Amino acid sequence: MSDLPAYPSEAAEREAADSPPEIRSDYSSWGRRVAAYLLDTLVLVVPLIAIVIIALAAGNPEDEDDNSWAAIGIAYLLTLLLPFVYYTVMHGRASGQTLGKKWLGIAVKEDSAGGSIGYGRAFGRYAIIFVLALFILPILLDYLWPLWDRKNQALHDKVVGSVVVKA
């Protein structure tokens, strides 16, 4: 037998409590996230393109009282505002899924508890994306970050404490 004393059980308990929590295995892949984003972009853009085409087809550029340019202006404003509403409502719900995420079987959840991120954090999540999108390098870095992150989180996920997981 050995002359070494047995490892104290108190130390073993302390080490187990101090060890990092287990990493979930249900994180969404980067490819699924990109595909869901592209589907959501189609969901948002196709109706706006239809409005512009109809306005241009119905309008008469020669007429000073033509309202087609007003419809195009409204479509442009909707292009800025609609994503805020769409992503806030869809990610803030209990399911945490936009249409694209639902079709691909993924969802945005709270990192710590796994529940809904709520409407406030969902709004903040998209607001961060919007601000980063004003510059090419930051938005590129944000969208590529999940490729090397152990939780597959983008920077906007890290700020609001969200993860994208398989639903």
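Values in this document were obtained by computation on a predicted structure and should not be read as measured data.
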*Quick one: which residue pairs count as a salt bridge (Lys or Arg N to Asp or Glu O under 4.0 Å) with a foot in residues 31-44, not counting sequence neighbours?*
R33-D157
*Apply side-chain contact (heavy atoms from CB on, under 4.5 Å) to K101 and H91, showing your working.*
CA-CA 10 Å; K101 284 182 177 68; H91 286 153; 3.2 Å; yes
_For L81, is the CG atom crowded, meaning more than 12 foreign heavy atoms sit under 6.0 Å from it?_
yes
*Of all heavy-atom pairs between W30 and P146, which one has the smallest distance, and what is that distance?*
CD1-CB, 3.8 Å
*With rounding to the nearest 0.5 Å, note down the distance linking CG in L38 to CG in L104.*
10.0 Å
*Shared ILVMFWY cluster between L134 and I128, side chains joined below 4.5 angstrom?*
no
_Closest non-hydrogen atom pair, V160 against G124_ = CG1-C, 4.2 Å
*asked:* Is it true that, when you exclude Y76 itself, more than 12 heavy atoms of the residues, nucleotides or ligands shown sit nearer than 6.0 Å to its OH?
replied: no
*Residues clustered with L42, ILVMFWY side-chain links under 4.5 angstrom*: V46
*Kindly compute the distance separating NE2 (H156) from CD1 (I139), expressed to the nearest 0.5 Å.*
8.0 Å
*asked:* Using a 6.0 Å cut-off, check whether atom NZ of K158 has over 12 heavy atoms from anything other than its own residue.
replied: yes
*From L99 atom CG to L39 atom CG, the distance as rounded to the nearest 0.5 Å*: 9.5 Å
*Under 3.5 Å, is there a donor-acceptor pair between the side chain of D142 and the main chain of A154?*
no
_Residues that F84 engages under ring pair (Phe, Tyr, Trp, His ring centres under 6.0 Å), provided they are two or more places apart_ = F123, Y126, F130
*Can V45 be reached from V34 by stepping across I, L, V, M, F, W or Y side chains whose heavy atoms are under 4.5 Å apart?*
no
*For residues A107 and A167, report the shortest heavy-atom separation together with the two atoms involved.*
CB-CB, 4.2 Å
*Please list, chain by chain and in numerical order, all residues satisfying ring pair (Phe, Tyr, Trp, His ring centres under 6.0 Å) with W145, sequence neighbours excluded.*
W148
*What closest approach, in Å, do V108 and I117 show between heavy atoms, and which atom pair accounts for it?*
CG1-CD1, 3.8 Å
_side-chain contact (heavy atoms from CB on, under 4.5 Å) between R125 and S162, worked out_ = CA-CA 9 Å; R125 186 176 188 270; S162 66; 3.4 Å; yes
*Which heavy atom in I106 sits nearest to a heavy atom in S28, and how many Å separate them?*
CG2-OG, 3.4 Å
*According to a 4.5 Å side-chain heavy-atom criterion applied to Ile, Leu, Val, Met, Phe, Trp and Tyr, with indirect links allowed, do W103 and Y86 form part of one hydrophobic cluster?*
yes
_Hphob cluster co-occupancy, L48 + L44, side-chain heavy atoms under 4.5 angstrom_ = no
_ring pair (Phe, Tyr, Trp, His ring centres under 6.0 Å) partners of Y37, counting only residues at least two apart_ = Y143
*Any idea which heavy atoms bring S116 and A94 closest together, and the distance?*
CB-CA, 4.0 Å
*Check the pair Y27, V163 against side-chain contact (heavy atoms from CB on, under 4.5 Å), reporting the backbone distance first and the verdict last.*
CA-CA 7 Å; Y27 296 119; V163 290; 3.8 Å; yes
_Pair V52, I49 - check side-chain contact (heavy atoms from CB on, under 4.5 Å), show working._
CA-CA 5 Å; V52 170; I49 290 173; 5.8 Å; no
_Through direct or indirect side-chain contacts below 4.5 angstrom among Ile, Leu, Val, Met, Phe, Trp and Tyr, which residues connect to L137?_
none
*May I ask whether L78 and M90 are part of the same hydrophobic cluster, defined by side-chain heavy atoms of I, L, V, M, F, W, Y residues being less than 4.5 angstrom apart, directly or through others?*
no
